[in-house]
**Student:** 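My questions will all concern the structure given below.
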Amino acid sequence: LIHRLEEVLTTDRGPTHLSTQTFPKGGEDGWKDLNRVTVEDLLVWEYQTWGVFVTKTLAMKGNAVALRYQLNNLNPHSARLTVTPWMQFTPKGTDLKPEQAFSFRDGKITSAGITLHLATNGSVETFPTAHQALFYACDRPDGRRDTGLAAANHRISVSVPGSGSAVLE
């Protein structure tokens with residue numbers, strides 16, 4: 001359902017992607033600010049960019065997924081983390097059709113007869129459905145498709161004050 005998360009940290013120096021994704025032309029290079037990944041009981045990613053430390057923790061149980069972002073801002077200027085879920089409400093291995101409709105209402109994302117429930121302490125901003133062309137360079141040699149399409153209709157964000165901390169769940 002959720003194909004990927006686009007994660008952007010905006011500081012006084014501008015936006016920086018924490019997510020990593022290849023597109024037909026260019027991509028996101030969040031791996032450059034990734035300090036450590038820990039795989040134990042939980043998956044934990046630790047990033048550092050422009051004086052802001054971001055720890056992302058992932059927990060899964062059954063069909064439920066929980067993400068938590070801890071932001072510690074050491075610089076005197078505020079920062080903002082924005083997370084955009086890019087979705088593919090399609091059977092695995094099939095392509096999203098550009099005309100497929102998505103709706104967001106009362107904490108529920110609905111498309112193709114499927115509903116995904118969202119709970120967050122962040123600010124949610126909805127927007128008209130946007131599409132993103134994806135590229136999977138490493139899949140072509142294995143005989144899998146090397147392109148795809150994802151859709152988004154909302155983003156979630158949290159602000160962290162200068163020399164402060166915040167949590168996004």
Side-chain angles (χ1 to χ4, degrees), residues 1-23 25-89 102-111 115-135 148 150-169:
L1 299 179
I2 302 282
H3 179 71
R4 72 181 210 89
L5 297 174
E6 180 180 5
E7 301 155 321
V8 178
L9 181 68
T10 304
T11 67
D12 62 314
R13 296 187 182 243
T16 301
H17 274 94
L18 301 181
S19 49
T20 300
Q21 177 66 49
T22 303
F23 299 106
K25 294 180 181 176
E28 299 166 4
D29 56 0
W31 57 270
K32 290 180 180 178
D33 295 307
L34 180 62
N35 290 337
R36 180 170 69 168
V37 176
T38 306
V39 182
E40 292 182 10
D41 294 333
L42 303 170
L43 287 165
V44 179
W45 294 260
E46 295 177 8
Y47 300 88
Q48 177 187 356
T49 184
W50 302 117
V52 181
F53 293 81
V54 179
T55 302
K56 176 174 69 173
T57 305
L58 171 75
M60 297 172 47
K61 185 173 183 179
N63 286 335
V65 175
L67 272 172
R68 181 179 195 272
Y69 295 85
Q70 171 71 47
L71 291 87
N72 295 308
N73 187 359
L74 301 184
N75 78 53
H77 305 284
S78 64
R80 183 174 193 81
L81 176 67
T82 303
V83 179
T84 304
W86 289 92
M87 304 170 287
Q88 289 184 327
F89 282 38
F102 286 82
S103 69
F104 184 95
R105 189 173 6 163
D106 300 325
K108 297 176 187 173
I109 304 128
T110 304
S111 182
T115 299
L116 180 66
H117 298 267
L118 169 71
T120 182
N121 66 339
S123 299
V124 178
E125 176 192 355
T126 60
F127 51 85
T129 301
H131 292 92
Q132 188 175 74
L134 306 171
F135 181 64
N153 65 354
H154 68 284
R155 61 181 62 93
I156 305 157
S157 62
V158 65
S159 292
V160 57
S163 304
S165 61
V167 172
L168 176 63
E169 298 177 319

**Student:** Give me the atom names and distance for the closest heavy-atom approach of Ala152 to Thr84.
**Tutor:**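 Smallest heavy-atom distance, with atoms named: CB-CG2, 3.7 Å.
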
**Student:** Considering only heavy atoms from C-beta outward, does the side chain of Lys32 approach that of His17 to under 4.5 Å?
**Tutor:**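 No, every pair of side-chain atoms sits at 4.5 Å or beyond.
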
**Student:** Side chains of Gln21 and Trp86: closer than 4.5 Å at any heavy-atom pair?
**Tutor:**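 Of all side-chain heavy-atom pairs linking Trp86 with Gln21, none is under 4.5 Å.
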
**Student:** Using the side chain to side chain donor-acceptor pair (under 3.5 Å) rule, collect all pairs that involve residues 151-167, keeping only residues at least two apart or in two chains.
**Tutor:**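 Every pair satisfying side chain to side chain donor-acceptor pair (under 3.5 Å) with a residue in residues 151-167: Arg80-Ser157, Arg80-Ser159, Glu125-Arg155.
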
**Student:** Could you report the tightest heavy-atom contact between Leu42 and Ala59, atom names first, then the distance?
**Tutor:**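 Between these two residues, the closest heavy atoms are CD2-CB, 3.6 Å.
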
**Student:** Which atom pair, heavy atoms only, marks the closest approach of His131 to Thr129?
**Tutor:**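 Residues His131 and Thr129, closest heavy atoms: CE1-CG2, 4.0 Å.
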
**Student:** Are Phe102 and Phe89 near enough that their ring centres are under 6.0 Å apart?
**Tutor:**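 Aromatic pair counts; centres sit under 6.0 Å.
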
**Student:** Considering only heavy atoms from C-beta outward, does the side chain of Asn35 approach that of Trp45 to under 4.5 Å?
**Tutor:**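 No - every pair of side-chain heavy atoms lies 4.5 Å or more apart.
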
**Student:** Distance check, rounded to the nearest 0.5 Å: Leu81 atom CG versus Asn73 atom CG?
**Tutor:**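 One gets 12.0 Å once the value is rounded to the nearest 0.5 Å.
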
**Student:** Given Thr82 and Ile156, is the side-chain contact (heavy atoms from CB on, under 4.5 Å) satisfied, shown in steps?
**Tutor:** CA-CA 6 Å; Thr82 303; Ile156 305 157; over 6 Å; no

**Student:** Mind checking what makes salt bridge (charged side-chain N to carboxylate O under 4.0 Å, His left out) contact with Asp12, not counting sequence neighbours?
**Tutor:**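 In terms of salt bridge (charged side-chain N to carboxylate O under 4.0 Å, His left out), with neighbours along the sequence ignored, Asp12 is linked to no residue.
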
**Student:** Please list all pairs passing the side chain to side chain donor-acceptor pair (under 3.5 Å) test where one or both residues lie in residues 50-62, with sequence neighbours left out.
**Tutor:**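 For residues 50-62: Glu7-Lys56.
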
**Student:** Got a donor-acceptor contact below 3.5 angstrom from the Thr22 side chain to the Phe135 backbone?
**Tutor:**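 Not at all, since once roles are kept as given, no pair shorter than 3.5 Å links the two residues.
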
**Student:** Would Val54 and Leu18 satisfy side-chain contact (heavy atoms from CB on, under 4.5 Å), going step by step from the backbone distance to the final call?
**Tutor:** CA-CA 9 Å; Val54 179; Leu18 301 181; 4.1 Å; yes

**Student:** Counting distance only, does the side-chain N/O of Thr20 pair as donor-acceptor with the main-chain N or O of Trp31 below 3.5 Å?
**Tutor:**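 It does hold such a pair.
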
**Student:** Rounded to the nearest 0.5 Å, what's the gap from OG1 on Thr49 to CG on Leu34? Could you check?
**Tutor:**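 If we round to the nearest 0.5 Å, Thr49:OG1 and Leu34:CG are 12.0 Å apart.
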
**Student:** Are Thr38 and Leu43 side-chain neighbours, meaning at least one heavy-atom pair lies under 4.5 Å?
**Tutor:**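 A side-chain contact is absent here, since even the closest heavy-atom pair is not under 4.5 Å.
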
**Student:** For side-chain contact (heavy atoms from CB on, under 4.5 Å), just list the numbers for Val37 and Val44, CA-CA rounded to whole Å, side-chain angles, deciding distance to a tenth of an Å, and then say yes or no.
**Tutor:** CA-CA 6 Å; Val37 176; Val44 179; over 6 Å; no

**Student:** Taking atom types as modelled and ignoring hydrogens, do the side chains of Glu28 and Ser19 form a donor-acceptor contact shorter than 3.5 angstrom?
**Tutor:**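 Distance-only check passes for Glu28 and Ser19.
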
**Student:** So, do Asn72 and Val52 sit near enough that their side-chain heavy atoms are less than 4.5 Å apart?
**Tutor:**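 Side-chain contact under 4.5 Å: no.
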
**Student:** Looking only at heavy atoms, which two atoms of Pro85 and Ile2 are closest? And how far apart?
**Tutor:**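 Closest pair (atom of Pro85, atom of Ile2, distance): CB-CD1, 3.7 Å.
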
**Student:** Determine, step by step, whether Leu134 and His3 satisfy the side-chain contact (heavy atoms from CB on, under 4.5 Å) criterion, reporting the C-alpha distance in whole Å, the side-chain angles of both residues, the deciding distance to 0.1 Å, and the verdict.
**Tutor:** CA-CA 10 Å; Leu134 306 171; His3 179 71; 3.1 Å; yes

**Student:** A side-chain contact here means heavy atoms from C-beta on lying under 4.5 Å apart; do Val158 and Leu71 qualify?
**Tutor:**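 Result yes, sub-4.5 Å side-chain heavy-atom pair found.
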
**Student:** Is a donor on one side and an acceptor on the other found under 3.5 Å between the side chain of Asn121 and the backbone of Glu169?
**Tutor:**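 Checking the backbone N and O of Glu169 against the side chain of Asn121, a donor-acceptor pair under 3.5 Å is found.
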
